[in-house]
Enquirer: 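Please see the structure below; I have some questions.
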Amino acid sequence: MDGRKFCCRILFYVLGLFVMAFGVTFAANSNLGMSPVNSIPAVLSAITNIEMGTCVILIFSLFIVAQILIKRREFRLIDLTQLIFSTIFGFFVDFTNFLMGGFCLPTVAGRVVMMLISLVLIAIGVSAYVATDLINMPMEGMTLAITQAVKDKTFRQVKVVVDTATVVIALVLSLVFMGMIQLNQGITGYPTSLVFVGTIVSAVGVGTVMGPVQKVVLPPIRRICFGSSAQTVQ
């Protein structure tokens with residue numbers, strides 16, 4: 001294996017995580033709802049006042065444990081590196097939160113713009129790390145493990161169920177631990193309907209935006225990392 005190209009793959013993977021972390025921070029600061037994968041860490045952070053990046057690492061670690069339980073002997077030791085990248089991603093989330101502080105564009109229209117920016121950043125980040133053909137992030141890894149276990153469902157079908165389940169768990173946690181009054185006010189202090197809208201927009205929007213984004217992002221990354229511009233839209 002070409003060491004230089006392998007280093008480039010790792011570099012683009014980590015860069016993708018950094019861009020994705022900025023997307024998460026934009027979504028958090030917009031106060032319109034988090035993407036499904038980050039909904040549980042966001043609620044857990046609100047409940048415990050622990051940094052969101054730390055909550056991301058904790059929840060992603062549970063996703064890895066779920067993979068081990070599902071795959072058992074088929075789980076590869078190399079897949080444990082997901083924990084390393086999850087820790088890096090968690091650090092990036094805290095770092096981007098620090099950089100942006102409480103910055104939020106004024107008015108509802110401004111928050112919508114921030115949410116749209118978050119969709120683009122997350123799509124770019126995911127496309128970048130997927131293009132390297134390295135390790136899946138924990139939630140995708142867990143979704144793939146479930147898909148392989150049930151066999152009669154596609155990855156996209158299972159992903160819809162997993163995304164829905166994470167959002168339901170996040171809402172249940174907020175109901176149980178934050179109380180009805182806080183839930184009615186919204187997880188981030190805004191109406192719950194906006195939290196729902198933001199989460200749904202993230203769930204649908206990222207996948208939609210990824211199509212055109214991958215056409216731009218994948219060719220140069222694959223050319224640098226593999227010497228080929230061949231691309232596969234996920």
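These numbers were taken from a predicted model, which means no experiment stands behind them. Residue indices begin at 1 and follow the sequence shown.
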Enquirer: Flag the pair Thr81 / Ile78 as yes when at least one side-chain heavy-atom distance between them is below 4.5 Å, and no otherwise.
Expert: yes
Enquirer: So, taking the atom named OG1 in Thr166 and the one named CE in Met139, what distance separates them when rounded to the nearest 0.5 Å?
Expert: 4.0 Å
Enquirer: Taking all atoms of both residues into account, what is the closest heavy-atom pair of Val24 and Met52, and its distance?
Expert: CG1-CE, 3.6 Å
Enquirer: Would you sort out whether Val56 and Asn38 count as a side-chain contact (heavy atoms from CB on, under 4.5 Å), showing the intermediate values?
Expert: CA-CA 7 Å; Val56 166; Asn38 294 296; 4.3 Å; yes
Enquirer: Would you say Arg9's side chain and Cys225's backbone share a donor-acceptor pair under 3.5 angstrom?
Expert: no
Enquirer: Between Glu51 and Ser45, what is the shortest heavy-atom contact and its length?
Expert: C-OG, 4.0 Å
Enquirer: Identify the heavy atoms of Phe103 and Asn29 that sit nearest to each other, and give their distance.
Expert: O-ND2, 2.9 Å
Enquirer: Of the non-hydrogen atoms in Ala145 and Ile70, which two are nearest, and what is the gap between them?
Expert: O-CG2, 3.7 Å
Enquirer: In terms of the angle between their ring planes, are Phe92 and Phe18 parallel, tilted or perpendicular, with boundaries placed at 30° and 60°?
Expert: perpendicular
Enquirer: Look only at the side chain of Thr107 and the backbone of Gly110, and say whether a donor-acceptor pair between them is shorter than 3.5 Å.
Expert: yes
Enquirer: Going only through I, L, V, M, F, W and Y residues with side-chain contacts under 4.5 Å, is there a path from Ile10 to Phe89?
Expert: yes
Enquirer: Within the structure provided, determine whether Asp133 and Arg222 are in side-chain contact (heavy-atom separation under 4.5 Å).
Expert: yes
Enquirer: Hey, does Phe75 have a side-chain heavy atom less than 4.5 Å from the side chain of Leu80?
Expert: yes
Enquirer: Please find the pair of heavy atoms, one from Thr96 and one from Ala21, that lie closest to each other, and give the distance.
Expert: OG1-O, 3.5 Å
Enquirer: Classify the side-chain pair Gln148/Glu74 by whether it contains a donor and acceptor separated by less than 3.5 Å.
Expert: no
Enquirer: With hydrophobic residues grouped by side-chain heavy-atom distances under 4.5 Å, do Leu58 and Leu69 end up in a single group?
Expert: no
Enquirer: Is there a path of hydrophobic side-chain contacts, each under 4.5 Å between heavy atoms, that joins Leu15 and Phe91?
Expert: yes
Enquirer: In Å, rounded to the nearest 0.5 Å, how long is the span from OH of Tyr13 to CG of Leu134?
Expert: 7.0 Å
Enquirer: Are Val126 and Glu140 side-chain neighbours, meaning at least one heavy-atom pair lies under 4.5 Å?
Expert: no
Enquirer: May I ask you to decide if Ile135's main-chain N or O and Gln82's side chain share a donor-acceptor pair within less than 3.5 Å?
Expert: no
Enquirer: Any heavy-atom pair between the side chains of Asp94 and Thr54 that's under 4.5 Å?
Expert: yes
Enquirer: Please report the shortest heavy-atom distance between Ala131 and Ile221, naming the atom on each side.
Expert: CB-CG2, 3.8 Å
Enquirer: Taking C-beta and beyond as the side chain, do Phe22 and Leu99 meet within less than 4.5 Å on heavy atoms?
Expert: yes
Enquirer: Could you tell me the separation between the OG1 atom of Thr147 and the CG atom of Asp152, rounded to the nearest 0.5 Å?
Expert: 10.5 Å
Enquirer: Same cluster for Leu62 and Ile57 if Ile/Leu/Val/Met/Phe/Trp/Tyr side chains link at under 4.5 Å?
Expert: no
Enquirer: Out of curiosity, Met142 CE to Met137 CE, how far, rounded to the nearest 0.5 Å?
Expert: 12.5 Å
Enquirer: Say you draw a straight line from CE of Met114 to OG1 of Thr25; how long is it, rounded to the nearest 0.5 Å?
Expert: 9.0 Å
Enquirer: Cluster question for you: counting only ILVMFWY and a side-chain heavy-atom cut-off of under 4.5 Å, with indirect links fine, are Phe63 and Met20 together?
Expert: yes
Enquirer: Distance check, rounded to the nearest 0.5 Å: Leu116 atom CG versus Leu32 atom CG?
Expert: 9.5 Å
